[in-house]
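Starting off with a structure, shown below.
Just so you know, residue 1 is the first one in the sequence shown, and it goes up from there.
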Amino acid sequence: MADTTGNTTGAGAPVGAGPAPRKSSWRYIGPGIVVAATGVGAGDLVATLIAGSNFGYTLLWAAVIGCLVKISLAEACGRWHLATGRTLFDGWASLGRWTTWFFAIYAVIWGFVYGAAAMSSSALPLQALFPDVMGLEWWGIASGLVGLVFVWFNKYNVFEKVMTVLVGVMFVVTVYLAIRVTPNLGDAFAGLLPVLPDEKDSVLNTLGLIGGVGGTITLAAYGYWVNAKGWTHTGWMKVMRLDNRVAYATTGIFVIAMLFVGAELLHSANIAIASGDKGLIQLGDVLEQQYGTATGKLFLIGFFATSFTSLIGVWHGVSLMFADFLARQRGEREARADELASGRREKSWSFRAYLLWLTFPPMILLFQGEPFRLIIIYGVLGAAFMPFLALTLMWLLNSSRTPREWRNGGLSNGMLAIAGLLFLVLCVKQIWDQPWAEFF
């Protein structure tokens with residue numbers, strides 16, 4: 001992808017120390033793999049499957065546009081970190097205390113509910129693979145504890161290697177399934193034309209598919225992983241951009257492969273699956289009936305890899321963000337890019353405190369069910385985060401907070417404006433759809 005800043009000037013003065021490569025290279029990539037693996041969870045795959053089962057290949061173009069939107073958002077996050085040497089939360093804090101309050105409330109409530117969802121999602125394929133070992137709740141607790149221990153005792157470089165292996169498993173499984181169902185390539189290419197299904201609420205459903213896949217707080221964590229990798233100044237800008245393209249090319253492959261499966265396996269046979277993670281268990285049963293036990297089991301392994309990468313990715317990335325948030329609240333002013341690159345943030349008490357928050361309190365929800373009012377608040381905050389991210393990035397990257405040569409150009413402003421409008425519409429819809437009458 002071309003430079004989305006629209007700038008043609010040379011690199012700015014390095015913010016941090018350390019050598020950078022003369023040109024971008026595949027051998028440097030890493031944070032992009034992490035953000036792709038974390039951002040695409042089981043729920044995203046189900047949403048894409050259901051889109052394929054309901055509309056065939058009609059919305060393939062929407063999935064592709066969704067990946068392009070996320071490329072722009074992640075590139076903007078990475079560019080802010082490299083161009084300024086400051087973290088994204090440090091930038092948010094410069095916009096006013098309202099950003100601090102929003103993030104604090106979001107991190108506490110979102111982390112509590114997401115922790116239970118991530119553990120449950122990882123538990124489902126494990127219980128299906130080993131049904132007689134233990135119950136779903138205990139598989140969820142085991143998944144959470146393994147994620148906690150892994151992130152607690154390892155720094156970014158080990159974390160990245162494990163995520164890369166799990167992404168490899170996801171890639172092999174999804175591409176194998178896409179080939180196995182024998183996609184109709186003519187219809188698939190036709191699906192690249194921007195056509196809306198002839199259904200009620202087709203516009204909102206299409207916008208939901210564009211905005212849903214890979215669109216979470218992990219996009220904001222991308223800049224933190226860029227710094228944790230050791231990329232701390234503008235000399236790494238070209239490498240970051242290649243890394244980001246790889247991230248969302250990978251995401252695009254996952255999405256397109258699952259849409260193929262939905263279109264060919266479910267749409268053609270008029271098979272419906274449930275929304276949510278349990279829909280993937282149903283898909284595993286369908287695959288086993290159609291293609292044999294081995295294919296069904298392979299899919300469950302891929303399902304686990306998808307869920308567990310999201311779990312440990314959030315355990316690591318959002319804990320880094322929370323640690324940075326508390327450091328900013330304590331008034332720390334040191335070069336934050338260098339602090340992240342040193343690995344000290346990953347050993348801080350605040351990083352580990354949020355790890356514990358993601359792991360232990362949510363275990364209550366595995367046994368007691370989801371608290372109704374809290375889930376509504378969680379849904380509203382989650383819907384508000386993506387427009388918050390897109391619009392604040394536009395603000396930061398068009399202001400004097402960013403060195404002039406790395407500010408937004410026309411293309412980047414256009415993509416961030418589209419992202420902000422898209423997520424704002426989805427946010428309003430999400431808030432409107434909440435059962436507020438029951439809440440009160």
Side-chain angles (χ1 to χ4, degrees), residues 1-2 4 36 39-41 43-74 174-175 177-215 219 245 247-276 279-280 283 286 383 386-387 390 411 414-430 432-433:
M1 171 176 276
T4 57
V40 180
D44 298 309
L45 297 186
V46 172
T48 310
L49 275 169
I50 291 176
S53 66
N54 289 340
F55 308 118
Y57 294 102
T58 304
L59 291 181
L60 181 59
W61 64 273
V64 172
I65 288 179
C67 290
L68 294 177
V69 168
K70 309 308 180 341
I71 285 175
S72 299
L73 283 167
T174 54
V175 171
L177 291 177
I179 295 171
R180 194 76 171 82
V181 300
T182 317
N184 186 319
L185 295 181
D187 288 348
F189 280 115
L192 294 173
L193 296 174
V195 175
L196 291 174
D198 187 18
E199 301 279 345
K200 181 182 178 182
D201 295 331
S202 62
V203 173
L204 289 175
N205 289 333
T206 302
L207 292 178
L209 181 61
I210 293 173
V213 179
L219 277 168
R245 291 174 221 146
Y248 284 96
T250 304
T251 300
I253 291 171
F254 292 151
V255 170
I256 290 169
M258 296 311 289
L259 193 137
F260 280 7
V261 173
E264 292 295 340
L265 186 64
L266 304 179
H267 181 71
S268 60
N270 199 26
I271 298 172
I273 61 171
S275 60
L280 293 184
L283 177 63
V286 173
M386 291 304 288
L411 178 57
M415 292 299 290
L416 289 178
I418 290 170
L421 181 60
L422 164 68
F423 290 118
L424 194 59
V425 170
L426 293 175
C427 176
V428 171
K429 181 180 184 297
Q430 177 83 353
W432 183 265
D433 289 344

Leu426 side, atom CG; Met386 side, atom CE - distance, nearest 0.5 Å: 10.0 Å

Residues Leu283, Val261; criterion side chain to side chain contact (heavy atoms under 4.5 Å, CB included); working and verdict: CA-CA 10 Å; Leu283 177 63; Val261 173; 4.2 Å; yes

Distance (rounded to the nearest 0.5 Å) between Thr251 OG1 and Lys70 NZ: 8.5 Å

Pairwise side-chain contact, Phe260 with Ile179, heavy-atom cut-off 4.5 Å (strictly under): no

For the student: nearest non-hydrogen atoms of Gly279 and Ile273, plus distance: O-CD1, 3.8 Å

Separation between CZ of Phe254 and OG1 of Thr174, rounded to the nearest 0.5 Å: 5.0 Å

Ile253 vs Met258, side chain to side chain contact (heavy atoms under 4.5 Å, CB included): CA-CA, chis, key distance, verdict: CA-CA 9 Å; Ile253 291 171; Met258 296 311 289; over 6 Å; no

Reported CG-to-NE2 distance for the pair Asp187 and His267, which is rounded to 0.5 angstrom: 9.0 Å

Sub-4.5 Å side-chain heavy-atom contact between Leu265 and Val286: yes

Point-to-point distance, once rounded to the nearest 0.5 Å, from CG of Leu45 to CG of Leu259: 11.5 Å

Non-hydrogen side-chain atoms of Leu59 and Pro197 separated by less than 4.5 Å: yes

Minimum side-chain heavy-atom gap Leu60-Val255 below 4.5 Å: no

Closest heavy-atom pair and its distance - Trp61, Leu193: CD1-O, 3.1 Å

Non-hydrogen side-chain atoms of Gln430 and Val425 separated by less than 4.5 Å: no

Close side-chain approach of Pro183 to Leu185, heavy-atom, < 4.5 Å: yes

Taking every non-hydrogen atom, the tightest pair across Cys427 and Ala383: CB-O, 3.4 Å

Point-to-point distance, once rounded to the nearest 0.5 Å, from CE of Met415 to CG of Leu68: 5.5 Å

Val69/Tyr248 under side chain to side chain contact (heavy atoms under 4.5 Å, CB included): CA gap, chis, key distance, verdict: CA-CA 10 Å; Val69 168; Tyr248 284 96; over 6 Å; no

Close side-chain approach of Thr182 to Glu264, heavy-atom, < 4.5 Å: no

Distance-minimising heavy-atom pair for Thr206 and Ala62: CG2-CB, 3.8 Å

Any Leu266 side-chain heavy atom under 4.5 Å of Ile50 side chain: no

Sidechain-backbone polar pair: Tyr57 side chain, Asn184 backbone, donor-acceptor under 3.5 Å: yes

